[in-house]
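Presented below is the structure to which this report refers.
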Amino acid sequence: MPLALLALAVGAFGIGTTEFVIMGLLPEVAADYGVSIPTAGFLITGYALGVVLGAPLMTVLGTRIPRKRMLMLLMGFFIAGNVLSALAPAFGLMLTGRVVASLAHGAFFGIGAVVAAELVVPEKKAGAIAMMFTGLTVANVVGVPLGTLVGQTLGWRVTFLIVAALGVLGLLGIARLVPELPRPEGGVRIRSELAAFRNVQVLLAMAMTVLGFGGVFAAITYITPMMTEVAGFADSSVTWLLVLFGLGMVAGNLIGGRYADRALMPMLYVALGALAVTLAVFTLTAHSKAGAAVTVVLIGALGFATVPPLQKRVLDQAAGAPTLASAVNIGAFNLGNALAAWLGGLVIAAGLGWTAPNWVGAALAASALALALVSGALERRTAARTAHGGRVVAAAGAREAAAAAPAHH
């Protein structure tokens with residue numbers, strides 16, 4: 001794997017840290033600005049919406065810019081947003097900083113996935129994409145716990161300054177290690193990029209992203225009350241449970257990348273099916289400390305095992321114009337997170353208990369599996385029709401050749 005992937009992974013590490021570290025620092029931020037914790041929660045919601053809207057917007061604006069330069073520009077947005085967040089004297093400016101940083105998120109991963117895939121031979125594309133996403137998964141194991149610890153001891157503003165410094169490191173790595181890739185023939189055209197969304201397979205892959213990863217976040221969003229109220233863990237243990245979840249994500253991401261290059265759709269069937277079952281079983285294992293810990297690792301592993309194959313699926317199906325589709329698919333992850341968190345909150349508010357979001361997650365993952373099966377069936381039907389058409393053309397050609405041949409007596 002080329003060193004350029006390391007530079008992309010460093011950028012991904014910074015982005016993953018800034019996205020999730022705010023969850024552990026909400027009480028400190030709320031107290032500093034004199035706002036309620038629910039109000040401070042807009043820093044999470046605003047970031048997620050910025051990713052969903054920023055992914056297509058920044059990608060479209062960057063269509064005429066070479067991909068390496070666009071990645072550097074996006075890291076510039078990321079650095080500026082985190083510096084503004086760290087220095088903001090008022091809550092409104094802090095929120096603005098979060099939104100500015102979020103604008104880089106979707107387009108960075110979307111364009112980065114295209115670049116990563118171009119840096120390697122075709123049979124290693126999913127592995128290269130997984131290598132970049134390793135930065136995001138490792139952020140949950142190392143960046144978020146350390147960032148939370150620093151924020152609670154030295155102040156949350158220091159955490160965001162450190163994250164901005166990570167962005168500088170990523171920017172320098174991209175400038176030095178990522179090669180100047182040739183631009184697509186004829187440049188990146190908006191019309192051809194938008195045409196990819198007329199492909200049913202692209203839309204199915206994005207729907208699988210929303211539902212499959214949404215299944216993960218239906219459970220993980222409410223992991224703290226579930227583990228403290230149901231499993232009986234102390235509040236201080238939740239950080240370590242999230243580290244276990246992050247370790248599962250790292251392992252699942254690498255396994256998903258490896259096997260997606262060998263058998264993409266079977267990998268998706270297995271991962272989504274196992275994820276649906278694991279989330280359903282979590283309603284039982286959540287009552288046991290050991291069972292809950294093991295299940296949290298499995299949810300992280302199975303959930304992230306779907307990421308490289310789904311991202312590669314979008315790139316393959318939108319092969320002629322993959323950049324916008326790739327970026328929008330990153331937004332789909334965040335859309336799934338927001339949808340699942342909302343649905344999980346609904347079932348808790350309905351009085352169905354702290355483990356009820358696990359059933360929501362299982363249903364979402366099962367729906368993603370159903371779409372994967374439909375997608376596979378459509379692909380096989382198209383391949384069979386193409387093969388049949390080829391045989392018909394070959395037979396017609398043979399008949400014409402026979403008719404044209406001179407008769408022998």
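- Note on Glu118 versus Lys125: no salt bridge recorded, every NZ/NE/NH1/NH2 to OD/OE distance being 4.0 Å or above.
- Under the 3.5 Å distance criterion, with hydrogens and angles disregarded, no donor-acceptor pair is assigned to the side chains of Ser288 and Thr285.
- Atom OH of Tyr269 sits in a crowded spot, with more than 12 heavy atoms from other residues, nucleotides or ligands closer than 6.0 Å.
- Formation of a donor-acceptor pair under 3.5 Å by the Thr159 side chain with backbone atoms of Gly147 is found in this model.
- Residue pairs meeting the ring-ring contact (aromatic ring centres under 6.0 Å, His included) criterion with at least one member in residues 328-366, sequence neighbours excluded: Phe213-Phe333.
- Listed for the Asn329 side chain is no donor-acceptor partner under 3.5 Å among the backbone atoms of Gly110.
- Between Phe108 and Phe77, the distance from one ring center to the other does not fall under 6.0 angstrom.
- Side chains of Leu378 and Gln201 form a contact here, defined as non-hydrogen atoms less than 4.5 Å apart.
- Judged by distance alone, with hydrogens and angles left aside, the side-chain atoms of Thr18 form no donor-acceptor pair with the main-chain N or O of Ile15 at under 3.5 Å.
- Here the side chains of Tyr33 and Glu28 are not in contact, with every heavy-atom distance at 4.5 Å or above.
- Between the side chain of Gln152 and the backbone N or O of Leu25, no donor-acceptor pair lies under 3.5 Å.
- Counted by atom type alone, Thr283 and Thr355 present zero donor-acceptor pairs between their side chains at under 3.5 Å.
- Here CG of Leu119 is found 11.0 Å from CD1 of Ile129. Values are rounded to the nearest 0.5 Å.
- The environment of CZ in Arg176 is sparse: at most 12 heavy-atom neighbours from other residues, nucleotides or ligands sit within 6.0 Å.
- Residues Ala12 and Met132 come closest through the heavy atom pair CB-O, 3.4 Å.
- The closest donor-acceptor contact from the side chain of Ser375 to the backbone of Leu371 lies at 3.5 Å or more, if one exists at all.
- With contacts defined as side-chain heavy-atom distances shorter than 4.5 Å, the pair Asn334/Glu19 qualifies.
- Here the straight-line distance linking atom CG of Leu87 with atom CZ of Phe160 works out to 11.5 Å at 0.5 Å rounding.
- Checked against the 6.0 Å centroid threshold, His105 and Phe78 do not count as a close aromatic pair.
- Between atom CZ of residue Phe233 and atom OG1 of residue Thr228 there is a gap of 10.5 Å, rounded to the nearest 0.5 Å.
- Under the salt bridge (charged side-chain N to carboxylate O under 4.0 Å, His left out) criterion, Glu379 pairs with Arg313, not counting sequence neighbours.
- Within a 6.0 Å radius of CZ in Arg157, more than 12 heavy atoms belonging to other residues, nucleotides or ligands are found.
- For the side-chain contact (heavy atoms from CB on, under 4.5 Å) criterion with Phe304, the lone passing option out of Leu136, Asn140, Ile255, Leu254 is Leu136.
- Taking each heavy atom of Asp261 and Gly127 in turn, the nearest pair found is OD2-N, 2.9 Å.
- Annotation: side chain of Val121 is in contact with side chain of Lys124 (closest heavy-atom distance under 4.5 Å).
- Listed here is the closest heavy atom pair of Ala126 and Lys312: CB-CD, 3.4 Å.
- Contact of the Asn358 side chain with the Met226 side chain is registered, since non-hydrogen atoms from C-beta on lie closer than 4.5 Å.
- Distance CD1/Ile174 to CG/Leu8: 5.5 Å, rounded to 0.5 Å.
- One distance of note links CD1 of Ile299 with OG1 of Thr295; it measures 6.5 Å at 0.5 Å rounding.
- Between the CE atom of Met75 and the CG atom of Leu169 there is a distance of 9.0 Å, given to the nearest 0.5 Å.
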